[in-house]
Q: 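Quick one: the structure is below, and I'll ask about it shortly.
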Amino acid sequence: MQGREPCDCRFESYWGHMQLSTPIEEIPRVGPQIQKKLRRLGIKTVKDLIFHFPHRYEDFSNIIPISEIQQNQTVSTKGKILDIKNIRTFRKRMTLTQALIGDETGQIQVMWFNQPYLINTFKKGDFLFLSGKTNKKGSKTYLSSPAYERISDINLNHSDLTHTGRLVPVYPGTEGLSSRWLRFLIKPILMRMRNEIKDALPKELKTKYKLLDFKTAIWQIHFPDSLKEAETAKKRFVFEELIILSLFILNERLKMRQEKAFAIPIDLKLVQEFAKNLPFQLTDDQRKASWQILKDLEKPRPMNRLLEGDVGSGKTVVSAMAALNTAKAGFQTVFMAPTEILVKQHYHTFNIALKKYRLKIGLITGKENRLQNKKVKRKDILEKASKGKIDILIGTHALIQKEVKFGKLALVIIDEQHRFGIDQRAKLCQNQQTKTIPHLLSMTATPIPRTLTLTIYGDLDLSLIKELPKGRKKIITEIVPPLARKKAYDFIREQIKKGRQVFVICPRIEPTKSENGKATNWDEVKAVKEEYEKLKKEIFPEFKIAMLHGKMKNEEKERIMKKFKNGKTDILVSTSVIEVGIDIPNASVMAIEGADKFGLAQLHQFRGRVGRGKEQSFCLFLTDFQSQTVNRRLKALIKCENGFDLAEKDLVIRGPGDLSGQRQWGVPDMTMAALKNIEMVEEARNEAKAILQNDPEMKKNPLLRTKLEEFQRRIHLE
Ligand code: ADP
Ligand code: MG
């Protein structure tokens, strides 16, 4: 079907009817098959087609006469079809379309494979423009499956070309929807419709930042005159997206400021006493963060704060202080964490740290409910919570279900937020009987690079804990190539003999899909079992080894963790389930199998599981093969102990995809990639700020406002 399209477009009689909002179904020659594929790309209207941007370009701009064509070259040339025929090759079961093309300087063979219909697309005597790679058959050079374009006049203006003889756009497509077809569709639409779209960017900004106007940019991004022009066009669209993203974020902040929250007075004596009674001294950063939080809670509008601190920096105690102050003022706190094990750990920590204050602290997970450390019925706990009789409720997702209601919920604490999702607050609020919105404290050990805190996390205020508690020793990190493995095992043996404990993390395995399409992590379980058997039988038969994986029953997981925590197990072999938050001071070695398969940030997280006690700790990256690139990547971790620097590195290496997680909000990839560019991000943010400051309703920028509203609608639908 594809490739059959005529080179000239036959939309003429439809132009009168076409609008930006015209659905693709009404575009001539777009049949049900193509419609389906376009819809899969999110293209529903003519306008969507215009905004479907190429992700790269094929450079076919080297146009030369036939006589100058050489082997192994990407070239463009034009000529007359002197001969054309289909040949069947029975051995390889395919059709060869063979043509001879000539111009005034010479002749060249052209071969297309498996496109027999071409013989009907053009005939002897037609003029063709061709672009593609040359190849050799015997001593003869031929053009192999080139892109082609029939031209009516050999002397045509080259800028009229679409598929050949220029920089040709290549579109992100789905199977069976070629870039050729998309170009065929998009180009005539673009020619007629680009005048219909008004430029949303204010003139001053375009002048100030030397941005192309819309009409030029939209043409240049699809059919650029040069790669530089394409880049300039792209910058213009990215800048616009960044402005809209910034407007959105700043607006969200303003909206939040207008909401009401319970104002929680600071009980200075209480918090000072709490700090004094801790078995350690708070670090300056912890103190500063606590104060920022308490000051926020004091205000009658919702706090929106992100507490960022490297693994082991002591975020929990900061949140406990906030929860204590909240409880003593007569309000409730919810604390959500992503895993059962973590919830239990936090429950334990809170119970100990707040013991003296006789608070009612509850625990809710899918499996278990506790109050004052005793097992209770879920129904009881829910009833008490709804009456405001539980001060602090700690739990997993089980917390955000319909039946969970609160009497006086004032503070929501979320641990490891990009796993949990910040939007959960909205769900908690639905159940609130008062008209207030709870304060939000979101905690993460994954440092977020500055460009992201300004943009997609820009609605949150930041508290940073940069320093680790005093007395922590630097973790010694080593890369262990296959040959050094035995030495590493000996080292681990020594450590255990000294009374330490060891984590072994198994390689990451992509979940396989089972028949019903659901992801299973069966392979991961298998990998853990194998590693466990290997260590137990072959390497460390003298030690107590346990394993942990996501498929185990929760009780079993708890039992194993507890045993490890109590020092009854020497080695814990595990999948990445122990990734977040687990606190075991006596563990001094973190060995990561297949370290090359993890991202830097995640490796850093694993490493943070050790080094919490008084002893020197070690992190071993065991790799299966030795390679320069692997080593270079891992070495970044040896040099870099600071998660913040690492985040910037990860951003450069991998882009913001992982960090943005569910906060991607359908922002185009192009813009996500631009989030690496701090300068542009800052410029856009400052301009957005200025726009809102001078004109909060955006009356002077109605087009930009419409775009902002579209963006808001998109997000609220998600
Ligand atoms: P994270 O920030 O990774 O959540 P935790 O809150 O789990 O870290 O704290 C890690 C460990 O450090 C805990 O055992 C905690 O009791 C301890 N800790 C917290 N603050 C301090 C401090 N100022 N001095 C010493 N130890 C601390
Ligand atoms: Mg933590």
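Start at 1 and go down the list; that is how both ligands and their atoms are numbered.
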Q: At a non-hydrogen distance cut-off of under 4.0 Å, which region of Thr316 contacts ligand 1 (side chain, backbone, both, or neither)?
A: both

Q: Would you mind listing which atoms of ligand 1 come within a distance below 4.0 Å of any non-hydrogen atom of Thr283?
A: 23 (N)

Q: Output yes when Lys497 and Glu494 qualify as a salt bridge under the 4.0 Å nitrogen-oxygen rule, no when they do not.
A: no

Q: Could you tell me whether the side chain of Asp461 reaches within less than 4.5 Å of the side chain of Met303, counting heavy atoms only?
A: no

Q: Taking distance alone, with no angle check, do Gln281 and ligand 1 share an N/O pair under 3.5 Å?
A: yes

Q: Under a heavy-atom criterion of less than 4.0 Å, does Ala445 contact ligand 1?
A: no

Q: Looking only at N/O atoms, are Lys470 and ligand 1 under 3.5 Å apart anywhere?
A: no

Q: Holding to salt bridge (charged side-chain N to carboxylate O under 4.0 Å, His left out), I want the full list of residues that pass it with Arg685, two or more places apart in sequence or in another chain.
A: none

Q: Nearest non-hydrogen contact with atom 2 (O) of ligand 1 belongs to which option: Lys315, Glu467, Glu308?
A: Lys315

Q: Measure the acute angle between the ring planes of Phe564 and Phe503, then classify it against the limits of 30° and 60° as parallel, tilted or perpendicular.
A: tilted

Q: Should the ring pair Phe540 and Tyr489 be called parallel, tilted or perpendicular, given that the plane angle runs from 0 to 90° and is split at 30 and 60?
A: perpendicular

Q: Can you find an N/O atom of Pro469 closer than 3.5 Å to an N/O atom of ligand 1?
A: no

Q: So is there a nitrogen or oxygen of Gly309 less than 3.5 Å from a nitrogen or oxygen in ligand 1?
A: no

Q: Name the residue from Gln501, Glu615, Lys565, Lys614 that meets the side chain to side chain donor-acceptor pair (under 3.5 Å) definition with Asn586.
A: Gln501

